[in-house]
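Worth knowing before you read on, the calculation uses all heavy atoms, side chains too, and leaves out hydrogens, waters and symmetry mates.
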Amino acid sequence: MIQPSAPAERHSHVENEIGYVLEGESLLEVEGQPSRTIRAGDSFAIPAGRVHRAKPSGSVPLKVVVTYIVKKGQPLARPAD
């Protein structure tokens, strides 16, 4: 869950991120792709290593189900420079 008042900071993941939006909406910014709005019922995939962030809009928190496959001992996310 991401609150509208606290957007996710720019970051990346070692592996792909695959998600489905349960509630709310957000501007999704992914390096090398045009920004797009994702809403309840939308799915998304972010390639491994791509810097990205979500900026929820409106007053409803963004609720997503996300799948990561991460090798044991590796961090889930890395902050962008």
Side-chain angles (χ1 to χ4, degrees):
M1 183 178 346
I2 303 173
Q3 298 295 331
S5 60
E9 296 298 325
R10 291 170 28 90
H11 64 282
S12 65
H13 303 280
V14 175
E15 301 295 339
N16 296 327
E17 176 178 347
I18 300 165
Y20 178 79
V21 182
L22 297 171
E23 292 181 28
E25 69 177 43
S26 178
L27 181 64
L28 179 61
E29 300 173 344
V30 180
E31 179 181 60
Q33 298 179 8
S35 297
R36 66 183 178 120
T37 299
I38 54 174
R39 296 177 175 86
D42 289 344
S43 60
F44 59 91
I46 302 170
R50 285 287 166 87
V51 174
H52 62 283
R53 74 174 171 172
K55 295 169 62 177
S57 52
S59 59
V60 177
L62 177 67
K63 293 183 183 178
V64 295
V65 173
V66 181
T67 300
Y68 304 98
I69 300 172
V70 181
K71 291 181 183 176
K72 188 174 183 175
Q74 294 293 317
L76 178 60
R78 296 183 292 207
D81 295 330

Worked verdict on Glu25 versus Ser57 for side-chain hydrogen bond (donor to acceptor under 3.5 Å, both in side chains) = CA-CA 6 Å; Glu25 69 177 43; Ser57 52; 3.1 Å; yes
Does the pair His52 and Glu17 meet the rule for a side-chain hydrogen bond (donor to acceptor under 3.5 Å, both in side chains), with working shown?
-> CA-CA 11 Å; His52 62 283; Glu17 176 178 347; 2.9 Å; yes
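Taken from OH in Tyr20 to OG1 in Thr67, the straight-line distance is 13.0 Å, to the nearest 0.5 Å. Note that CZ of Arg50 and CD of Glu31 are 6.5 Å apart. Values are rounded to the nearest 0.5 Å.
Using a 4.0 Å cut-off between a side-chain N of Lys or Arg and a carboxylate O of Asp or Glu, Lys55 and Glu29 qualify as a salt bridge.
The two atoms that bring Gln3 and Pro61 nearest to each other are OE1-CG, 3.4 Å, heavy atoms only. Shown here for His11 and Ala77, the closest heavy-atom pair between the two residues is CD2-CB, 4.0 Å. Of all heavy-atom pairs between Ser26 and Pro56, the closest is OG-N, 3.3 Å.
Heavy-atom contacts from other residues, nucleotides or ligands closer than 6.0 Å to CD1 of Ile69 number 12 or fewer.
Residues His13 and Arg78 fail the side-chain proximity criterion, which asks for heavy atoms closer than 4.5 Å. At a threshold of 4.5 Å between non-hydrogen side-chain atoms, the residues Gln33 and Pro47 count as touching.
Partners of Ala80 according to the side-chain contact (heavy atoms from CB on, under 4.5 Å) rule, which considers only residues two or more places apart in sequence or in another chain, are Arg10, Val51.
Counting side-chain heavy-atom gaps under 4.5 Å among Ile, Leu, Val, Met, Phe, Trp and Tyr, the cluster of Ile38 also holds Ile2, Val21, Leu28, Val30, Phe44, Ile46, Leu62, Val64, Val66, Tyr68, Val70, Leu76.
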